[in-house]
Student: 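What follows is a single structure, and I will ask about it in a moment.
Naming: A, B, ... by sequence-line order, numbering from 1 per chain.
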There are 2 protein chains.
Amino acid sequence: MARTAGSHSDITGPRINDAALHLFARHGYAAVSMRQIAGEVGVQAGALYNYTPDKQSLLFTLMKDHLEQLLAARRTAETPSGAMAQLEAFTRFHIRFHLERPDEMFIAYMELRNLTPENFEVIGVLRGQYEDELEGILRTGVTEGVFSIPDTKVATLAVIGMLNGVTTWYRAGGRLSLDQVETIYWDMVRKAMAA
Amino acid sequence: MARTAGSHSDITGPRINDAALHLFARHGYAAVSMRQIAGEVGVQAGALYNYTPDKQSLLFTLMKDHLEQLLAARRTAETPSGAMAQLEAFTRFHIRFHLERPDEMFIAYMELRNLTPENFEVIGVLRGQYEDELEGILRTGVTEGVFSIPDTKVATLAVIGMLNGVTTWYRAGGRLSLDQVETIYWDMVRKAMAA
DNA sequence: GTTTTTTCTGAACAGATGTTCAGATACCGT
DNA sequence: ACGGTATCTGAACATCTGTTCAGAAAAAAC
């Protein structure tokens with residue numbers, strides 16, 4: 001046996017990424033084998049190496065693509081004027097973006113220690129860029145006098161940590177709508193930062 | 001060769017737990033082998049099985065012990081009167097307790113998916129007990145009129161998520177003292193929940 | 001219809017994995 | 001000094017790991 005009927009790289013490629021994403025998010029990078037990923041796609045393990053040079057690159061690409069999409073989506077969003085409005089936009093954007101991609105987000109925040117040092121460096125820079133955006137908003141708000149924040153670096157990580165928790169409990173079609181969740185979190189963020 | 005000079009279960013036992021704790025926190029449960037743990041202790045892999053029936057029990061015991069110590073420490077702490085004072089006590093307690101045990105905390109929140117279903121159940125119950133304490137405080141504060149919280153369940157997870165982020169950046173002897181960190185976080189929590 | 005390219009299989013590789021256990025040595029009570 | 005017990009070694013086990021590759025079949029190009 002060899003090439004299977006109907007096989008196409010345009011189909012198999014994305015399916016491999018999807019399977020890896022799903023399995024990594026569910027069981028963790030180290031606990032998932034290449035044969036498991038291949039099995040989910042319906043292919044032998046060797047076939048994966050037509051699409052990735054190794055397992056590590058599979059993880060790295062997933063994380064890098066996600067962070068680049070995150071940053072790109074931020075850039076296309078319009079920035080309102082005033083730190084308060086910017087913080088609201090950031091909060092709602094962050095929640096919405098991540099609730100639509102729970103697996104990507106889970107991986108981006110949980111699998112950092114499974115990256116090689118070089119890959120970790122790259123991901124760290126991208127993540128830093130995103131966090132810097134939030135910190136910029138907070139700093140602007142402090143000079144504007146609308147926020148009261150003793151340490152903007154700590155506040156940045158606190159806000160992100162708080163927002164990230166949402167993926168641990170939110171389920172689409174559950175008790176709360178996406179809009180309600182956004183509003184609840186925005187309420188807490190606003191009050192926590194307010195002067 | 002066989003029993004080594006100076007070997008004692010009172011010494012080796014804790015050393016195995018310490019090594020497992022440290023390695024699991026640093027590299028993740030699935031990425032750490034029994035031989036690595038044994039190597040850190042200075043012993044052969046087979047010797048570990050005098051102290052644990054298997055690798056899974058090693059993880060489970062670490063998590064269970066940590067959560068039981070957390071709950072026990074909470075019980076010995078005095079509870080002030082009034083939801084506001086209780087929330088402050090909880091916040092400061094949570095930060096202090098976890099900053100003193102960063103590895104245990106890391107494991108307790110990151111390795112849940114590596115537990116067997118039965119063990120996951122047990123850990124989930126313990127963790128729920130702890131979170132229920134916070135939610136109880138929040139609910140009391142709402143009826144007292146000192147808190148304004150649309151959804152106490154969401155707020156509970158938001159507060160804990162925010163506080164947990166502290167272990168990702170805090171380093172003893174760094175820019176901020178433990179007391180300062182406590183105060184900064186308490187400020188944010190207080191404002192976020194305040195009526 | 002023939003050739004070229006794309007896509008996959010299936011077997012193989014060297015090494016790592018969790019776990020077991022007989023036997024050897026150190027320690028401890030007498 | 002001796003017997004019993006506690007503690008560890010070292011080898012073995014079956015299985016799994018990531019990865020490579022020659023060859024075969026399907027698809028695409030001509």
Student: Classify the nucleic acid contact of B:V41 as base, sugar-phosphate or nothing, counting any heavy atom under 4.0 Å across all strands shown.
Tutor: nothing
Student: CG/B:L21 to CG/B:N17 distance, rounded to the nearest 0.5 angstrom?
Tutor: 8.0 Å
Student: State which residues pass side chain to side chain donor-acceptor pair (under 3.5 Å) with A:E133; sequence neighbours excluded, sorted by chain then number.
Tutor: A:R74
Student: Report which part of the nucleic acid A:A5 touches: base, sugar-phosphate, or nothing (heavy-atom distance under 4.0 Å, all strands).
Tutor: sugar-phosphate
Student: May I ask you to evaluate whether A:S7 reaches the phosphate of C:dT6, defined as a side-chain N or O under 4.0 Å from OP1 or OP2?
Tutor: no
Student: Between A:S9 and C:dT6, is there a side-chain N or O to OP1/OP2 distance below 4.0 Å?
Tutor: no
Student: Which comes earlier along DNA chain C counting from the 5' end, the contact point of B:G46 or that of A:V43, where each point is its nearest nucleotide?
Tutor: A:V43
Student: Using whole Å, report how far CD1 of A:I37 lies from P of D:dT19.
Tutor: 10 Å
Student: Among C:dT9, D:dT9, D:dT17, which is the nearest nucleotide to the side chain of B:T4?
Tutor: D:dT9
Student: Rounded to the Å, how far apart are B:D10 CG and D:dA6 C1'?
Tutor: 11 Å
Student: Relative to A:F90, does A:R92 satisfy both conditions: NZ or CZ under 6.0 angstrom from the six-membered ring centre, and within 45 degrees of the ring's axis?
Tutor: no
Student: Is a side-chain N or O of B:Q56 found less than 3.5 angstrom from the main chain of B:T116, in a donor-acceptor match?
Tutor: yes
Student: How close or far is atom C1' of C:dA24 from atom CD of B:Q44, stated in whole angstroms?
Tutor: 14 Å
Student: Verify whether one side chain among A:T152 and A:E135 offers a donor that lies under 3.5 Å from an acceptor in the other.
Tutor: yes
Student: Answer yes or no: is there an ion pair linking B:R75 with B:E68, defined by an N-O contact shorter than 4.0 Å?
Tutor: no
Student: Measure the distance from CZ on B:R35 to P on D:dC16 and round it to the nearest whole Å.
Tutor: 16 Å
Student: May I have the distance from A:L48 (atom CG) to C:dT7 (atom P), rounded to whole angstrom?
Tutor: 14 Å
Student: Round to a whole Å and report the spacing from CE of A:M34 to P of C:dA16.
Tutor: 19 Å
Student: Does atom NZ of A:K64 have more than 12 heavy-atom neighbours, drawn from other residues, nucleotides or ligands, at distances under 6.0 Å?
Tutor: no
Student: Looking at A:D187 and A:R190, does any basic side-chain N land under 4.0 Å from a carboxylate oxygen?
Tutor: yes
Student: Starting at OH of A:Y49 and ending at C1' of C:dC13, how long is that distance when rounded to a whole Å?
Tutor: 13 Å
Student: Please work out which residues in residues 50-62 of chain B have a non-hydrogen atom less than 4.0 Å from an atom of DNA chain D and list them by number.
Tutor: B:N50, B:Y51
Student: When you compare the protein's N or O atoms with those of nucleotides 28-30 of chain D, which come within less than 3.5 Å of each other, and at what distance?
Tutor:
residue: D:dA28; atom: OP1; partner: A:H8; partner atom: NE2; Å: 3.1

Student: Output yes when A:R26 and A:D103 qualify as a salt bridge under the 4.0 Å nitrogen-oxygen rule, no when they do not.
Tutor: no
Student: Separation of A:Q36 atom CD from D:dT17 atom P, in whole Å?
Tutor: 6 Å
